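The block underneath contains the structure these notes are about, expressed in structure tokens.
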There are 2 protein chains.
Amino acid sequence: MRKASRLGKRNSLSRDQIIEAAISILDESGKGGLTFQALATRLATGAGAIYWHVENKDDLLISACDVVIQRTLHSVVERPTPEETIRAVGLALFDCIDTHPWMGTVLAQTPGKMPMVRILELIGQQVRVIGVVEEWAAVSALLSYILGVAGQNAANAQFARKHGLDRSRFLGEVADVWACLDATAFPFVSSISCKLAEHDDRADFLAGIDLLIRAMLPVKR
Amino acid sequence: MRKASRLGKRNSLSRDQIIEAAISILDESGKGGLTFQALATRLATGAGAIYWHVENKDDLLISACDVVIQRTLHSVVERPTPEETIRAVGLALFDCIDTHPWMGTVLAQTPGKMPMVRILELIGQQVRVIGVVEEWAAVSALLSYILGVAGQNAANAQFARKHGLDRSRFLGEVADVWACLDATAFPFVSSISCKLAEHDDRADFLAGIDLLIRAMLPVKR
DNA sequence: ACCTGAACACCGTTCAAGT
DNA sequence: ACCTGAACACCGTTCAAGT
């Protein structure tokens, strides 16, 4: 009943199709929702078929992550100064992981793999343009910071989803717990618990990036 | 055959015993090695018994993490200046996660829970002593950076273990892959691939901490 | 070359039954 | 109150058999 066109193989499974379907499922139902069974059902095929195009689940996750990272980084336009470009890259990544929380875990757990290499490359190029003396220290600090924030944010989102809360309700619950801590043992945390709900993760993130950029520039003035 | 002493319940299972056994298993065989079955065998009991003392696996992981974090932070002695104390806390955490790689994942994925609160508290207190203007920005940047680096390092260690490599062999393999990248598309990454094997994660980490601390201090001189 | 789908090994969690 | 261990649901991966 099937017609396989000569060069298109239009009806058969392709690696790209699989990855695209995986991204959809991950976006819809998180990392826990991506199952070979669910994927097979969506692709109208058997679970085993996927293994012909993909090595295993790790391979699939990394590839899905890489596709999204490529698109995200590609959308960042170069700014007048390298500092501003770094900010733009950071913000793009922040927003990207905010809308695809599953990427936080994947990115943080696949050291040296392509998605991370792309980020490293872009930041490294900009830092090199600035001409920082301790180049590697600056680049690795920026990368770690970005991945750290992204991971935290993703964890928040995933936890909130798991328990059926939205972001502000979730922060509210954390603030409540923190407010109940012993103020003698935890003076700092209990003092900021009330400010937790109203703070802006995105602004905080940018402030951190600026802190790091400022620190690596030669002392001005 | 068993004697249960009146107040000790010496022979019965306790939550602390379970957590301690879990830490041992995690240290020996990583996150993948911690199974309710393995845990039950080590404790000479049934898998179901553990659920009487522990809510679920997440609860167990967080508690295990918290115990180790508590010990680690407790071992840090206060230094003459808050800057030095922050460095000491950072280093202690770095070394801690280096020897207990499983903690990287747990810490990064349990936002607002006790282990993170303890770290936040300690850093927050020191930053408050310094009297930084943008207090929260500084604290959250430090925390994210520390968790980010720790997570990366843990991921390295876990990946290396999974594939039966030691650290330097693992870095060597990553360097090889990076060196094969197209130098036109990835000029930065391929240029640093040769330096990858010889760099010192711990020193890089400290450099990043110093960068952040320097940035939050008022401009000197 | 590529797909099917049953089978396997494994794992977190539950629960009726015990003490 | 606390433990036992079989049972359940689920999931990644494999593989003999198909086309």
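Basis for what follows: all heavy atoms, side chains included, without hydrogens, waters or symmetry-related copies. Just so it is clear: chains get the letters A, B, ... in the order the sequence lines come, proteins before strands, and each one is counted from 1. Remember, it's a predicted structure, so these values are computed and weren't measured experimentally.
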Counting only heavy atoms not in B:His163, do more than 12 fall under 6.0 Å of its NE2? yes
One pair to check against side-chain contact (heavy atoms from CB on, under 4.5 Å): A:Asp27 and A:Trp102. What are the steps and the verdict? CA-CA 8 Å; A:Asp27 286 345; A:Trp102 52 273; 2.8 Å; yes
Mind calculating the distance between CG (B:Asp59) and P (C:dG12) to the nearest angstrom? 14 Å
Main-chain N/O of B:Cys96 paired with B:Thr99 side-chain donor or acceptor, under 3.5 Å: yes
Applying side-chain contact (heavy atoms from CB on, under 4.5 Å), run through B:Leu61 and B:Thr110 and close with a yes or a no. CA-CA 10 Å; B:Leu61 282 170; B:Thr110 49; over 6 Å; no
Please give, in whole Å, the distance from D:dT13 P to A:Leu60 CG? 10 Å
Treat a base pair as Watson-Crick or G-U wobble with both distances under 3.5 Å, then lay out DNA chain C in dot-bracket form, 5' to 3', with | for cross-strand pairs. ||.|||||...|||||.||
Nucleic acid contacts - residues 18-27 of chain B versus DNA chain C, non-hydrogen atoms under 4.0 Å: none
Can you measure B:Ile50 atom CD1 to C:dC15 atom P for me and round it to whole angstrom units? 18 Å
From C:dC3, D:dT4, C:dG12, nucleotide with atom closest to A:His53 side chain: C:dC3
Taking atom P of D:dG5 as reference, at what distance in whole Å does atom OH of B:Tyr51 sit? 17 Å
Between A:Thr184 and A:Asp182, does the side chain to side chain donor-acceptor pair (under 3.5 Å) criterion hold? Intermediate values first, please. CA-CA 5 Å; A:Thr184 328; A:Asp182 175 13; 3.0 Å; yes
Looking at A:Asp98 and A:Arg202, is there a salt bridge between them, counting it only when a charged N and a carboxylate O are closer than 4.0 Å? no
A:Ala49 side chain: which of C:dG12, C:dC3, D:dT4 is closest? C:dC3
Could you say whether A:Ala47 or A:Trp52 is positioned toward the 5' end of DNA chain C, judged by the nucleotide with the nearest heavy atom to each? A:Trp52
Counting only non-hydrogen atoms, which of residues 28-37 of chain A are less than 4.0 Å from DNA chain D? A:Leu34, A:Thr35, A:Phe36
Would you check, one step at a time, whether the test salt bridge (Lys or Arg N to Asp or Glu O under 4.0 Å) holds for B:Asp66 with B:Arg118? CA-CA 9 Å; B:Asp66 197 38; B:Arg118 292 185 208 282; 2.7 Å; yes
Test A:Glu20 against every option in A:Arg71, A:Arg15, A:Arg42 by the salt bridge (Lys or Arg N to Asp or Glu O under 4.0 Å) rule and name the one that passes. A:Arg71
Winner on side-chain proximity to A:Ser12, out of C:dT14, C:dC3, D:dC3, is C:dC3
Measure from the side-chain N and O atoms of B:Thr35 to the backbone N and O of B:Ala38, and report whether any donor-acceptor pair falls under 3.5 Å. no
B:Leu43 CG to D:dT4 C1': how many Å, rounded? 14 Å
Between D:dT4, D:dT13, C:dC3, which nucleotide has the shortest distance from any of its atoms to the side chain of A:Lys57? D:dT13
Under a 4.0 Å N-O cut-off, is there an ion pair linking B:Asp58 with A:Lys162? yes
Minimum-distance nucleotide to A:Leu13 side chain [options: D:dC3, D:dT4, C:dC3]: C:dC3
Quick check: do B:Val117 and A:Val177 have side-chain heavy atoms less than 4.5 Å from each other? no
